[in-house]
Amino acid sequence: MRELQEMRLEIDAIDERLVKLLEERLKVCEEVAEYKVASGKKVLDKQREMEKLKVLYAMANSEFNGHCIEELFSQIMAMSRKMQYQILAEKGMQEKYSFIPVDILKKENIKVVYQGVEGAYSHQAMIQYFGKAIEAFHVPTWKDAMEEVTKGNVDYAVVPIENSSAGSVNDIYDLLVEYDTCIVAETFVKVEHALLGLKEAEISDIQTVYSHPQGLMQCAKFLEGYRQWQQISQPNTAGSALRVLKDNDKTQAAIASEIAGELYGLKVLKPHINDNINNTTRFIIISKNKIYQREAKKLSISFEIPHASGTLYNMLSHLIFNNLSMTKIESRPLEGRNWEYRFFVDLEGNLGDVSVINALKGIAEEAIGFRILGNY
């Protein structure tokens, strides 16, 4: 058996030849890019790549080697495409997005809609971001809020998208795709749930507790101590408090904010009952207009991909190649298409950045149903 050092030296020599060959290949790819600039031909030729991989696979001496060669050349082809996208961008062939940069968002003489009732966390988020000197109203559902902003009846809608304990609000992701709107800002509200009841009620009187499903979930440990209580989901937390007030039944309680309790004249039976004392909900500000602040640092996109091995990796590799940081990824099943998904990705960057433009160009070319949801 040969010494390990001898084998490593041989590998080093082979790698040196591979580097030179790869650089030769990339040089030819530069010429290919120049040709595509002149002819208007698309960078990705999926049929050509599949045929090429089959030929390369067949050259291998074993099935294992064939898979290794297929994976290697898949990456080489992907790198070639990324280089071509950069060259196209340098030649002014980058994607033209219909987003307009603005210095600041308009916060005066505006109309804002939120889901729920006064005292809801959405209501708090709206006041926290816009202040009180605005015209505002509430609607029963998140879909209603999206309808209002899409029709142009309001300037902005405020909706929750993520909670640090309960996770993502999946329905909002679906609505972001259904409606042609734009995320223009975000704000974070600390969630501090309390158990609220009528003035004359005590915890020992309670038999039924109302709250939003996430409110119940976020207080699971507290509720574990009261298994005899019936838990009933409601559209929102503040609405639960309002129901307790209207029903005027001391056996009922609501899980909502103390602010909601004060608003509806309820008694705090138990404060700070959420499991996580640092529980925070992220709210997004939605506009009909495709705008973004010049200093925006976060980008949200969505895309669909074929149900095939490696397709998600190929999409995300555009972020890696352009040195962009992904901060979040979510998936939602596509209706009527088993095992196919739409992905939602948050990343750091601005639509004016060359690296962002290059990455989005690659994803848009290779994905299905690509959309920029907002830069904020």
*Does a side-chain heavy-atom distance below 4.5 Å link Thr251 with Ile206?*
no
_Ring-ring centroid check Tyr57 His67, cutoff 6.0 Å_ = yes
*asked:* Do Thr150 and Thr181 make a side-chain contact, defined as non-hydrogen atoms from C-beta onward lying under 4.5 Å apart?
replied: yes
*Look at the side chain of Asn375 and the backbone N and O of Lys298, then say whether any donor-acceptor pair between them is shorter than 3.5 Å.*
yes
*Taking only residues at least two apart or on different chains, which pairs with a member in residues 228-250 satisfy ring-ring contact (aromatic ring centres under 6.0 Å, His included)?*
Tyr226-Trp229
*Below 4.5 Å, heavy atoms only, C-beta onward: do Arg243 and Gln234 meet side chain to side chain?*
yes
_Please check if the number of heavy atoms outside Glu108 that lie under 6.0 Å from its CD is greater than 12._
no
*Got a sec, which pairs hit side chain to side chain donor-acceptor pair (under 3.5 Å) with one end in residues 22-32, sequence neighbours left out?*
Arg25-Ser80
*Under the salt bridge (charged side-chain N to carboxylate O under 4.0 Å, His left out) rule, collect the residues that match up with Glu348, sequence neighbours excluded.*
none
*asked:* Using only atom types and a distance under 3.5 Å, with no angle test, would you say the side chain of Asn274 pairs donor to acceptor with the backbone of Val191?
replied: yes
_If we ignore hydrogens and angles and just use 3.5 Å, is the side chain of Asp144 paired with the main-chain N or O of Gln115 as donor and acceptor?_
no
*Step by step, work out the side chain to side chain contact (heavy atoms under 4.5 Å, CB included) result for Leu245 and Leu266.*
CA-CA 7 Å; Leu245 176 67; Leu266 298 179; 4.3 Å; yes
*asked:* I'd like to know if the side chain of Asn276 reaches the main chain of Asn278, judged simply by a donor and an acceptor atom lying under 3.5 Å from each other, with no hydrogens or angles considered.
replied: yes
*His318 and Ala359: which non-hydrogen atoms are nearest, and at how many Å?*
O-CB, 3.7 Å
*Please lay out, stage by stage, how Glu330 and Ser168 fare under the test side chain to side chain donor-acceptor pair (under 3.5 Å).*
CA-CA 8 Å; Glu330 290 286 337; Ser168 298; 2.7 Å; yes
*Which pairs count as ring-ring contact (aromatic ring centres under 6.0 Å, His included) when at least one residue sits in residues 234-285, sequence neighbours excluded?*
none
*Exercise: identify the closest heavy-atom pair between Leu88 and Ala33*: CD2-O, 4.4 Å
_Could you tell me if Thr281 and Glu162 have a donor-acceptor pair between their side chains, going purely by distance under 3.5 Å?_
no
*Find out whether Leu44 and Arg81 are in side-chain contact, i.e. whether some heavy atom of one side chain is under 4.5 Å from a heavy atom of the other.*
yes
*With rounding to the nearest 0.5 Å, note down the distance linking CG in Leu360 to CG in Leu299.*
5.5 Å
*Nearest heavy-atom pair of Ser287 and Val184: which atoms, and what distance?*
CB-CG1, 3.8 Å
_Test item: side-chain donor near acceptor, Gln218 and Asn163, under 3.5 Å_ = yes
*asked:* Are Ile320 and Val345 connected into the same hydrophobic cluster when the rule is that any two of I, L, V, M, F, W, Y join if their side-chain heavy atoms are below 4.5 Å apart?
replied: no
*asked:* Just to verify, what does Lys41 make a salt bridge (charged side-chain N to carboxylate O under 4.0 Å, His left out) with, not counting sequence neighbours?
replied: none
*Hey, could you give me the CG/OG1 distance between Asp247 and Thr208, rounded to the nearest 0.5 Å?*
9.5 Å
*Crowding at NZ, Lys54 (>12 non-hydrogen neighbours, <6.0 Å)*: no
*Side-chain contact, heavy-atom cut-off 4.5 Å: Leu195 with Val268?*
no
*State, with a plain yes or no, whether a side-chain heavy atom of Pro140 is found less than 4.5 Å away from one of Pro235.*
no
_To the closest 0.5 Å, what do you measure between CG (Asp174) and CD (Glu178)?_
8.5 Å
*Would you call Glu135 and Lys111 a salt bridge, taking side-chain N to carboxylate O under 4.0 Å as the test?*
yes
*asked:* For a quick test of reading the model, state the closest non-hydrogen atom pair linking Ser211 to Ser240 and the distance between them.
replied: CA-OG, 3.1 Å
*Quick check: are there more than 12 heavy atoms from other residues, nucleotides or ligands sitting under 6.0 Å from NZ of Lys328?*
yes
*Residue pair Leu347 / Thr327, side-chain heavy-atom distance below 4.5 Å*: no
_To check you understand the geometry: which heavy-atom pair defines the closest contact between Ala260 and Leu196, and what is its length?_
C-CD1, 4.5 Å
*Is the backbone of Gly310 close enough, under 3.5 Å, to the side chain of Asn314 for a donor and an acceptor to pair up by distance?*
yes
*Is there any salt bridge (charged side-chain N to carboxylate O under 4.0 Å, His left out) pair reaching into residues 60-78, and which pairs are they, with sequence neighbours excluded?*
none
*Would you say Lys42 and Glu365 make side-chain contact, with heavy atoms under 4.5 Å?*
yes
*For Asn350 and Gly352, indicate whether the former's side chain and the latter's backbone hold a donor-acceptor pair under 3.5 Å.*
yes
Going by atom type alone, with no hydrogens or angles, which donor-acceptor pairs under 3.5 Å involve a side-chain atom of residues 125-133 and a protein atom two or more places apart or on another chain?
unit_1: Gln128; atom_1: NE2; unit_2: Thr187; atom_2: OG1; d: 2.8
unit_1: Gln128; atom_1: NE2; unit_2: Phe188; atom_2: O; d: 2.6

_Evaluate Glu148 against Asn153 for side chain to side chain donor-acceptor pair (under 3.5 Å), listing each step before the verdict._
CA-CA 5 Å; Glu148 291 293 333; Asn153 296 335; 3.0 Å; yes
*asked:* Any carboxylate oxygen within less than 4.0 angstrom of a Lys/Arg side-chain nitrogen, looking at Arg294 and Asp103?
replied: yes
*Spell out, as yes or no, whether a donor-acceptor pair under 3.5 Å connects the side chain of His193 to the backbone of Ile273.*
no
*Who pairs with Glu51 by side-chain hydrogen bond (donor to acceptor under 3.5 Å, both in side chains), at least two apart in sequence or on another chain?*
Gln47
Tabulate below the donor-acceptor pairs under 3.5 Å that side-chain atoms of residues 7-22 make, not counting sequence neighbours, or state none.
unit_1: Glu10; atom_1: OE1; unit_2: Arg2; atom_2: NH1; d: 2.5
unit_1: Glu10; atom_1: OE1; unit_2: Arg2; atom_2: NH2; d: 3.2

*Would you mind listing every salt bridge (charged side-chain N to carboxylate O under 4.0 Å, His left out) that reaches into residues 202-214, with sequence neighbours excluded?*
Glu202-Lys267
*Going by atom types only, do Tyr210 and Gln230 share a side-chain donor-acceptor pair under 3.5 Å?*
no
_Gap separating the OH atom of Tyr114 from the CG atom of Asn236, nearest 0.5 angstrom_ = 9.5 Å
*What pairs with Tyr341 under side-chain contact (heavy atoms from CB on, under 4.5 Å), at least two apart in sequence or on another chain?*
Ser331, Pro333, Trp339, Phe343
*What's the shortest heavy-atom distance between Gly349 and Val356, and which atoms?*
CA-CG2, 3.8 Å
*Supply the members, apart from Val113, of the Ile/Leu/Val/Met/Phe/Trp/Tyr cluster built from side-chain contacts under 4.5 Å; use none for a lone residue.*
Phe137, Val139, Trp142, Met146, Val149, Val154, Val159, Ile161, Val169, Ile172, Tyr173, Leu175, Leu176, Val177, Tyr179, Ile183, Ile284, Ile286, Phe344, Leu373, Tyr376
*asked:* Salt bridge check, Lys143 against Asp171: does any charged N sit closer than 4.0 Å to a carboxylate O?
replied: no
*Step through the shown structure and confirm whether more than 12 heavy atoms of other residues, nucleotides or ligands are within 6.0 Å of CD1 on Ile277.*
no
*asked:* Between Asp346 and Ser300 (side chain of the first, backbone of the second, donor and acceptor by atom type, cut-off under 3.5 Å), is there such a pair?
replied: no
